Amino acid sequence: MTPADVSAAVVAAIRAAVAAGELAVDVPAEVTVERPKNKEHGDYATNTALQLAKPAGRPPREVAEVVAAHLRDQPGIAAVDVAGPGFLNLRLDQAAQGELARTIVLAGDDYGRSSTGEKERVNLEFVSANPTGPIHLGGTRWAAVGDSLARLLEATGADVTREYYFNDHGAQIDRFARSLLARARGQEPPEDGYGGEYIAQIAADVVARRPDVLDVPDDEAQEVFRAEGVELMFAEIRQSLHDFGVDFDVYFHENSLHESGAVERAVDRLREQGQIYERDGAVWLRTSEFGDDKDRVVVKSDGQPAYISGDLAYYLDKRERGFDRVVIMLGADHHGYIGRLMAMCACFGDEPGRNLEILIGQMVNLVRDGQPLRMSKRAGTVLTMDDLVDAIGVDAARYALARYSMDSTIDIDLDVWAKQTNDNPVFYVQYAHARIASLLRNAGELGVLRGDDLDPSLLSHERENELLGTLGEFPRVVASAAELREPHRVARYLEQLAGTYHRFYDACRVLPMGDEPATDLTRARLWLVEATRVVLANGLGLLGVNAPERM
RNA sequence: GCCCCCGUAGCUCAGGGGAUAGAGCACUGCCCUCCGGAGGCAGUGGCGCAGGUUCGAAUCCUGCCGGGGGCGCCA
């Protein structure tokens, strides 16, 4: 019996009470059921009577008593108590509880998946680091969180496209090209240019591909370095992401918007909407009509498109490609753009928050020996994805980045995340999976099989009950993590599950001792253990982290 | 000056209005004849401050204090 089943049972009881004329309320579609912290409060508790009290115009405890009477008739419900101000504490019957192990094992990879989310086409844009250098730590955080969020949204019914906005237009690309050219000639980088080892490497690669490049005029040479250098840099970024386990469905080139006339089309569209005007020789968008601090320049007085013009065209392009929901993940240093982007969305006649959603993530710092790390060996400037992966590996990096709320600035202690002990959360979780895999291997070698039959009533130990309860939480952890765009909930849940499993394992012998025969209880516990393995594997999968069979 | 994020145990962090606020680490004391001790059990210890909304606030609202990050016809 899952929490959703329990909710359904409570709803059925309310409906029965209403039908019997004992309660005058609108029957809710679902009710909140939670696992009480205190075991004496039963297997599940609901606050529904407290919430129905006002519409029913009766005291909460009285409402609770009425619902309780009908709830006792529901299948799988063993006992119902009214407690405190009007909570309903329920106990499931043993078999209904244990049956969950079978449900999970039979569902396998699908356990946790649902259709609770909107069935919509979602364009999820993340990372989108400029191709002027390696992916920095902020982008790395987005790679981990964004990919995990994509998996979560897919797991709850959305059709997700992962998209990378490749910012290959504008002044920073010119600076990149000039930096490459200078380096190829053995000169100092320009004042506002880029430094770091990777510039030398790419400059050398460009020269290797185009040996003539140093013999042509500056303009021409710079253009070669721009085209070739961006391509090389981008290939390196894609490789880093791929090695990180993140592959995008679409790599979108900003340049294509400018070359195809998409920017002009977007401006024309906005002009038709009456949101465009001209002043001081520039073209402005009336974003302040929709909550922005001030109007924004779209085309500068020199005739060049301003940065936001690319965003306008890009947003329109995404909508025209059929995405109901455009989600953009940005670093905290971009929070100032939310207002204008949302206003832009409204200028198009769309609904900010629904058609356009912007997620902001805070910064990431690395710590070693208690000291913050500042410099990258490779980049010469800021720390990169590769620095992090080199230090702790992909699994630990992804897990560490996905484990915290995006609202929090995080310090990743490399000493902790490189450890092979349970100080390290990702090891704690992966170890639990490996330990189960080992147990199941041992069972196979002993010839002890789970079989097709399960007597769920045998799973009656307190620790089994606790484990079943935790396993039952998984689908709604996934659903809420997706809905709230908070993948860290999955990681925290897995840590809780691993702990609950260890407690079960410590108290409940699974395999027969010595030459004792396997019993029905042995087999029932193998169902439960396999169910735990499934949930750990599914959860780690949502984070893009491996679930090792041995380690 | 304005905007965004954060402030919960000694440390790193969970806690989308509900009962006695949790986990890991650290510290103290325990548990190994056999499934991976990379584990388990017990104990110590906390919501920045002040108001407000509510039957009920760590959670929602306002103000203040402290920390971090932003506020271009740059991209």
Side-chain angles (χ1 to χ4, degrees), chain A residues 32 34 36-38 40-41 45-47 50-51 53-54 59-60 83-87 89 130 132 167 169-175 192 254 279-284 293 296-302 304-308 310 331-339 360-363 365 367 370 403-413 416 419-425 427-428 430-432 434-443 446 448 463 480 483-484 486 488-489 491-493 495-496 498-499 501-514 516 522 525 529 550-551:
Chain A
T32 304
E34 55 183 24
K37 279 164 285 212
N38 187 335
E40 290 166 15
H41 293 155
T46 177
N47 64 352
L50 282 87
Q51 290 176 333
K54 189 170 275 183
F87 291 102
N89 293 336
N130 286 345
T132 54
N167 217 296
H169 183 91
Q172 92 279 5
I173 294 294
D174 293 337
R175 287 204 297 274
D192 54 355
E254 181 188 3
R279 192 181 74 206
D280 305 332
V283 178
W284 297 72
D293 304 337
R296 301 290 167 178
V297 169
V298 173
V299 180
K300 295 186 261 186
S301 51
D302 64 5
Q304 289 297 307
Y307 181 74
I308 196 175
D333 52 342
H334 285 73
H335 93 267
Y337 300 140
I338 298 176
I360 293 294
Q362 300 298 316
M363 307 275 155
N365 302 303
V367 173
R403 172 176 198 258
Y404 302 94
S405 162
M406 299 178 261
D407 290 338
S408 296
T409 305
I410 53 177
D411 294 324
I412 295 183
D413 187 330
V416 168
K419 279 186 187 173
Q420 313 271 309
T421 71
N422 68 343
D423 298 6
N424 178 346
F427 259 85
Y428 186 72
Q430 288 184 313
Y431 171 68
R435 196 183 197 188
I436 290 173
S438 169
L439 175 67
L440 295 173
R441 277 195 302 275
N442 291 345
L446 289 172
V448 178
R463 297 286 174 80
S480 64
E483 186 192 337
L484 297 170
E486 293 186 346
H488 76 272
R489 288 168 181 269
R492 300 299 177 149
Y493 167 80
E495 289 164 32
Q496 185 199 334
Y501 175 75
H502 286 310
R503 279 189 288 283
F504 152 78
Y505 180 83
D506 194 62
C508 299
R509 176 79 199 189
V510 177
L511 297 179
M513 301 245 265
E516 289 175 7
T522 305
R525 285 182 172 165
V529 168
R550 39 168 61 89
M551 49 198 296

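Because the structure is predicted, anything quoted here is derived from the model rather than measured.
Within the nucleic acid shown, A:His41 comes within 4.0 Å of at least one base atom, counting heavy atoms only. Among the protein residues, A:Ala171 comes within range of the sugar-phosphate backbone only, with heavy atoms under 4.0 Å from sugar or phosphate atoms but none that close to a base. Counting non-hydrogen atoms under 4.0 angstrom, A:Asp302 reaches nothing in the nucleic acid. Base engagement by A:Asn89 is indicated by at least one non-hydrogen atom pair under 4.0 Å involving a base atom. Counting any heavy atom pair closer than 4.0 Å across all strands shown, A:Ala443 reaches no nucleic acid atom. Across all strands shown, A:Leu50 has heavy atoms under 4.0 Å from base atoms, whether or not it also approaches the sugar-phosphate. No contact: A:Thr32 has no heavy atom under 4.0 Å from any strand. A:Arg489 comes within contact range of at least one nucleobase, with a heavy-atom separation under 4.0 Å.
Remark: the backbone N or O of A:Val510 is not paired with any side-chain donor or acceptor of A:Arg525 at under 3.5 angstrom. Judged by distance alone, the side chain of A:Trp284 and the main-chain N or O of A:Val298 form no donor-acceptor pair under 3.5 Å.
Across B:C41 and B:C4, the matching C1' atoms stand 45 Å from one another, rounded to whole Å. One C1' atom belongs to B:G29, the other to B:U44, and the distance between them is 11 Å to the nearest Å. One P atom belongs to B:G18, the other to B:C60, and the distance between them is 11 Å to the nearest Å. For B:A26 and B:C3, the C1' atoms lie 39 Å apart once the distance is rounded to whole Å. If you take atom C1' in B:G45 and the same atom in B:C6, they sit 23 Å apart, rounded to whole Å. Separating the C1' atom of B:A57 from that of B:G70 is a span of 31 Å, rounded to the nearest Å. A gap of 8 Å separates the P atoms of B:G48 and B:G7, to the nearest Å.
Comparing B:G69, B:C6, B:C73 by their closest approach to the side chain of A:Met363 singles out B:G69. You'll find that the side chain of A:Gln362 is closest to B:G68, out of B:G68, B:A14, B:A75. Among B:C74, B:A19, B:G69, the nucleotide with an atom closest to any side-chain atom of A:Tyr337 is B:C74. Closest contact between the side chain of A:Asn38 and the listed nucleotides B:U20, B:U12, B:G18 involves B:U20.
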Under the 3.5 Å Watson-Crick or G-U criterion, the dot-bracket string of RNA chain B, with | for inter-strand pairs: (((((((..((((....[...)))).(((((.......)))))....(((((..]....))))))))))))....

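A heavy-atom distance below 4.5 Å is not found between the side chains of A:Met551 and A:Gln420. For the pair A:Ile338 and A:Ile360, the minimum side-chain heavy-atom distance is below 4.5 Å. Inter-residue side-chain proximity for A:Tyr505 and A:Arg463 is flagged as unmet; no heavy-atom pair is nearer than 4.5 Å. By the 4.5 Å heavy-atom criterion applied to side chains, A:Asn167 and A:Tyr307 are counted as neighbours.
When rounded to the nearest whole Å, the span between CG of A:Asn47 and C1' of B:A57 equals 15 Å. For the pair A:Lys37 NZ and B:A14 P, the interatomic distance rounds to 18 Å; values are reported in whole Å. For the pair A:Met406 CE and B:C13 P, the computed distance is 16 Å after rounding to whole Å. In this structure, the NE2 atom of A:His488 is 11 Å from the P atom of B:C6, given to the nearest Å. Remark: C1' of B:G15 and CG of A:Leu484 are 13 Å apart, rounded to the nearest angstrom. With rounding to whole Å, A:Ile360 atom CD1 is found 15 Å from B:G68 atom C1'. Rounding to whole angstrom units, CD of residue A:Glu254 and C1' of B:C74 are separated by 13 Å. The separation between A:Glu486 atom CD and B:G16 atom P is 8 Å, rounded to whole Å.
Heavy-atom minimum distance, A:Glu495 versus A:Pro425: OE2-CB, 3.6 Å. Shortest non-hydrogen contact noted between A:Leu50 and A:Pro85 is CD2-CG, 4.0 Å.
Dashed line: the shortest gap from a side-chain N or O of A:Lys300 to OP1 or OP2 of B:A75 is under 4.0 Å. For A:Ser408, a side-chain nitrogen or oxygen approaches OP1 or OP2 of B:A14 to under 4.0 Å.
When ring centroids are compared, A:Tyr431 and A:Tyr428 stay outside the 6.0 Å threshold.
Once the 5.5 Å centre distance and the 30° plane angle are applied, the aromatic ring of A:Phe87 is found not to be stacked with the base of B:G18.
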Sugar-phosphate means primed atoms, P, OP1 and OP2; the rest is base. With that split, encode nucleotides 25-41 of chain B 5' to 3' as B, S or - using protein heavy atoms under 4.0 Å. S--------BBBSBBSS

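Along RNA chain B, the nucleotide closest to A:Val297 and the one closest to A:Glu34 are compared, and the more 5′ of them pairs with A:Glu34. Mapped onto RNA chain B by nearest heavy atom, A:Arg492 and A:Asn167 fall at different nucleotides, with A:Arg492 at the one closer to the 5' end.
Checked by distance alone, A:His335 brings a side-chain donor or acceptor within 3.5 Å of a matching partner on the base of B:G69. Remark: the A:Thr409 side chain and the B:C6 base include no donor-acceptor N/O pair separated by less than 3.5 Å.
We find the CG-NE2 distance between A:Asn130 and A:His169 to be 12.5 Å, quoted to the nearest 0.5 Å.
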